[in-house]
There are 2 protein chains.
Amino acid sequence: MPRTRSTPPAPGPVRLGPEARAALRPAAVGIDTGFWHNRRTTNARVSIPQGPGLLESAGNLHNLRLAAGTAEGEFQGAYPFVDTDVYKWLEAASWQLSHGPDGDEPAGELADEVARIVALVADAQQSDGYLNTWFQLVKEGRRYEDLRWGHELYCAGHLIQAAVAHHRATGRPELLDVAVGFADHIDSVFGPPGSGRPIDGIDGHPEVETALVELYRETGERRYLDLAGYFVDRYGHGLLGGEAYCQDRVPLREATNVEGHAVRQLYLLAGAADLATETGDAELRAAAERLWRAMTATKTHLTGGLGAHHDEEDFGDPYELPNERAYCETCAAIASVQWSWRMALLTGEARYSDLIERTLYNGFLAGVSLDGERWLYVNPLQVRDGHTDTGGDQSARRTRWFRCACCPPNVMRLLASLEHYLATSDDTGLQIHQYVTGRYCAEGVAVRAETEYPWHGTVRLTVEETPAERAWTLSLRIPQWCREFRVRCGEQTYDTPVSDGWLRLERTWAPGDEVVLELGLAPRLTAADPRVDAVRGCVAIERGPLVYCLEQADHPGGGLDDLVLDPTRPLAVKHRPDLLGGVTTVVAAGRRRPVPDRGWWPYTPTDTGQAPEPDAGDPVELTAVPYYAWANREDGSMRVWLPLS
Amino acid sequence: MPRTRSTPPAPGPVRLGPEARAALRPAAVGIDTGFWHNRRTTNARVSIPQGPGLLESAGNLHNLRLAAGTAEGEFQGAYPFVDTDVYKWLEAASWQLSHGPDGDEPAGELADEVARIVALVADAQQSDGYLNTWFQLVKEGRRYEDLRWGHELYCAGHLIQAAVAHHRATGRPELLDVAVGFADHIDSVFGPPGSGRPIDGIDGHPEVETALVELYRETGERRYLDLAGYFVDRYGHGLLGGEAYCQDRVPLREATNVEGHAVRQLYLLAGAADLATETGDAELRAAAERLWRAMTATKTHLTGGLGAHHDEEDFGDPYELPNERAYCETCAAIASVQWSWRMALLTGEARYSDLIERTLYNGFLAGVSLDGERWLYVNPLQVRDGHTDTGGDQSARRTRWFRCACCPPNVMRLLASLEHYLATSDDTGLQIHQYVTGRYCAEGVAVRAETEYPWHGTVRLTVEETPAERAWTLSLRIPQWCREFRVRCGEQTYDTPVSDGWLRLERTWAPGDEVVLELGLAPRLTAADPRVDAVRGCVAIERGPLVYCLEQADHPGGGLDDLVLDPTRPLAVKHRPDLLGGVTTVVAAGRRRPVPDRGWWPYTPTDTGQAPEPDAGDPVELTAVPYYAWANREDGSMRVWLPLS
């Protein structure tokens, strides 16, 4: 049911400071139907409302009450950063509140819950501004003694982000006051040698840096920006023992590739991008650009997923992109979107939004079930036939909540603030980065978009508001995956490839002017750089921004690991409104390799370099479903990369 | 310098009980020159003598003194099983002592060291027989409260094995008395419900089971056999929470594949094989045979290495056999040899010794440096160009000693007892499982072997002792990898393939009779079952029992990950006495793929299923070295599986 929205949403997670050197400014989009609207509705009606109950049963809220002295008992939870689950939920709920009341959403209830939990947080804060229930309850008197694992500044970062969101969404000061109090405390404790501050140190888990920049943007207090800059530049100098895990092996400015714990690296880089934006630091910008390119070229899975190792949640080596053991933490996908968005604003380059699109539709969205109630912490690209699941947070099966519950509220906050990652403006006009049905608004300009993307490739854009008699440019991102497109704008048609990702339509617009973009959505086979050893001899099926996979549920009569795809046969598209909440499937021709008994040893001599292949095998219709929708039916095997026949 | 040995070594790690239902009986071999002699000499002269110093500096001996009350200070080490480093060293040193004094080896000093450390162990034992320094010092009063992680029975197992070795090697009772005391204590505590024992439980880390069977064999005390049987059958019933990690998900008798922590699974299966041997339990034997076959067919790396996951040191799923993240713990290779040897004795089948050979020459031997001073805990099949090493125990760089130092003394004990894994006898005669230069002795029969295996394929066997006028069978294992062989025995020649791995020569032998075995050592390319996704489109180079790899050191001018092998060109063999202690290299024709700039995204659309391949690239001579010798030069990349051109 389409709804129109007359006012743009409140400012989002990134609001540039007055001196920012950004190429683009974030613009607001009112999303009102379609793919992302549906997912956001589930987020608003199921995921976010379930948050307080889950935080209560996991003990997070109890810990706040303990710290406030209003309850008795033991600290609950296994990690020093359990407060962040609360903060990320508060951030999600705040962005949700910013959408305003709506007949379908119990906004009043949500506002009450937010106010209640904000009060719990405020009560738990100590008089000097410090706030961390683990160190207040379990490690009393040991503040900042274990910076490598203590996560105190990491927790502060999420508190600050929640507070900024709460302030931007509601205009209320309560949580921002708490965050400012803690930030001021940190600023009084941490600083370089000679600064008079007692500790020259950084947190084992970056996150406070990007948060402090945003706090500067929200409050205008430049100390927070300086503190963020100090932290970013102290990584890589051995303060934490020099481990890559903690981003302490090499300074960002010297690094040649992303490394170590993926989420830590990505949050740090988001902070670096913020800093480069606000300060104009060219060296830091160059480092961020270099590392983004190295990451995407050598350490990114097809889904946009990041992190090759379960062990230490590490990025892994260049071109080390395993399928069944892809870690691809949901939080890493979110952090990647956050970093890339800051890079998009900083540089104006479309590639960053190319990666955002790929990540949103695949590696990120797979993290939450279609019903909004269950989660994946890791997002592998394959679950083998005969998989024995070890359970736990890193299970390949969806889970109601995690022992380390970082991902679920992180998904909630990104979905609830998604409208802020879709469009920008600059002095030339409006840039549309992602295509949704809704209203794109920026600085006197409003454009209405209607689309069934990603299922259909047509986007109809109608200019609704425009300055009179002043030319401006409507820039449309032509996705990196797109091989054919056509844009009709009045009498003109554009279909020549664009070199930098932007199709720019400059004219003096009038209300009612229409632009129709048609993105070719023919399904395609994709191959990897030959250095990606894990997928040699395989292809993946993609369509538009969606990566596809085979699931066991669609292939009865045997496992998936003996299926091969025939690349010479055409791919067919079937719209299946009945399936997985409504998806477009891709059907390919394949065969099921017979499984000969090779005896006890699976390795055989070869004179040609080829294993003795069994005969062709029976033809099988391969039905591929969007990767984001996997693991929503019965447990079973799955694979993205398919061997060729 | 060849030396002859007139007396066979003492009994080894496995001595069958009087009622054992084994197909074969272990026979003794005096190894006196050649490949394994050289490695054993390094073990005897470098590795084992360094043990006490390393155990002293790591604090293991200090902990024993603390427990005995003869020293003061804090417990040293991070794990509850640090005592096992001492026990495994004692076992290694005991086997070494069993070789007798030798002009080159300071046997007297070693005997003194062993006596000194045995006394430390005995002093640390508590009056009721219990012995575990972690629980005596750090977790006092918490005995057996944390069976999942406490490792108390695991420690007891290694103590028992050391004690049996010490007793067999020296005839002395001191350590055996300690072990019997602890075993009796365990037997008084653990038992099934209704047994009157207070605890119905098992250890999170199997190991005591195989040790208890051996203690039964050494002492004749059947209680130990029964206790081992009780433990083996209590796994898989949820006593430890039902985790695969602890072998507690499914009972062995019902399992269809190996799973969970690899070393735990393998030690448990060694115990199961021992039990089946001593009790004739047909169901347990069938389970062990089934699991061995499933493991080798689906979960074994080409090197014999086992364990696909760093995380939880887990076996991984069927056909999940990654290269760069192969865990292949050195201890798992050792445990695999121990289990397979028991299966060889139980069944008489040659395949078990096929796997032992492959494991010894590759996955096991890579665990120790050529100089005997540095170790690998994990044994990957690839180190990528651009690898960032995270250090720590799981580094791909050799390390002097580990925080968890299970592997080094485990290597020492296997090398020091290796002569016990090479030959057997039965009522038909002598079976030679592995070819070394030395004297194979069994029950009135002695055969002298001379060979430069694995570098050369000729083995000359001379009958030295034989019963007069009684026919017996000399059985030679024709390795599973061997495609061409010839045996000359007097006037006769044999070269027809053998179906079960054994070439049986039955006759009435006379002293001086000669048999010449020639195993074809032409280098070969090997391909994997197509379900092994990780090596699709790749081959490995092998020669005889050796798996080969490329190392960066032999390929200047670029990394390894852009090299491709041309399978149509012949492989050449070069003997290189100067290289890596003397190895035979295999030289193959290859090319270096040019590295085009693909921009920021490494995935490209394809219509044929193939990535756009760059042009042929420059020819490169690929020099492959034996995998066991890798990581003995400067740090650099390495790979076993090579993409085809």
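Predicted model only: the values in this text are computed from it and were never measured.
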Going through the distances and angles, do A:R325 and B:H309 end up as a side-chain contact (heavy atoms from CB on, under 4.5 Å)? CA-CA 8 Å; A:R325 294 298 279 177; B:H309 293 188; 3.1 Å; yes
Check this for me: does any side-chain nitrogen of one of A:R639 and B:D533 sit under 4.0 Å from a carboxylate oxygen of the other? yes
With a 4.5 Å cut-off on heavy-atom pairs, point out which of B:M295, B:H301, B:E312, B:E259 contacts chain A the most. B:H301
Tell me, side chain or backbone of A:T568 under 4.5 Å from chain B's heavy atoms, or both, or neither? neither
Give the C-alpha distance, both sets of side-chain angles, the deciding distance and a yes or no for side-chain contact (heavy atoms from CB on, under 4.5 Å) between B:W601 and A:D354. CA-CA 10 Å; B:W601 193 240; A:D354 284 326; over 6 Å; no
Report the C-alpha distance between A:Y603 and B:W641 in whole Å, list the side-chain angles of each, state the deciding distance to 0.1 Å, and finish with yes or no for ring-ring contact (aromatic ring centres under 6.0 Å, His included). CA-CA 12 Å; A:Y603 305 100; B:W641 289 96; 5.7 Å; yes
So what's closer than 4.5 Å to chain B heavy atoms on A:E243: side chain, backbone, both or neither? neither
Counting heavy-atom pairs under 4.5 Å with chain B, which one of A:L302, A:T298, A:T300 comes out on top? A:L302
Look at A:G599, A:A294, A:G316 and state which one has the largest set of heavy-atom pairs under 4.5 Å with chain B. A:G599
Tell me, side chain or backbone of A:Y319 under 4.5 Å from chain B's heavy atoms, or both, or neither? both
To the nearest 0.5 Å, atom CG of B:L525 lies from atom OG1 of A:T604 at 11.5 Å
Could you go step by step and tell me if B:Q480 and A:W600 meet the side-chain contact (heavy atoms from CB on, under 4.5 Å) rule? CA-CA 11 Å; B:Q480 175 265 352; A:W600 62 272; 3.7 Å; yes
From the list A:H387, A:R249, A:R524, the residue making the most non-hydrogen contacts under 4.5 Å with chain B is A:H387
Closest non-hydrogen atom pair, B:R483 against A:P605: NH1-CB, 3.6 Å
Residue A:P318 versus chain B: region with a heavy atom under 4.5 Å: both
Interchain contact, A:L642 with chain B, by part (heavy-atom threshold 4.5 Å): neither
Stepwise side-chain contact (heavy atoms from CB on, under 4.5 Å) check, A:D317 with B:E324: CA-CA 9 Å; A:D317 288 330; B:E324 66 272 64; 5.8 Å; no
Can you tell me how far the CZ atom of A:R593 sits from the CZ atom of B:R531, to the nearest 0.5 Å? 7.5 Å
With a 4.5 angstrom heavy-atom cut-off, could you sort out which part of A:D566 is near chain B: side chain, backbone, both or neither? neither
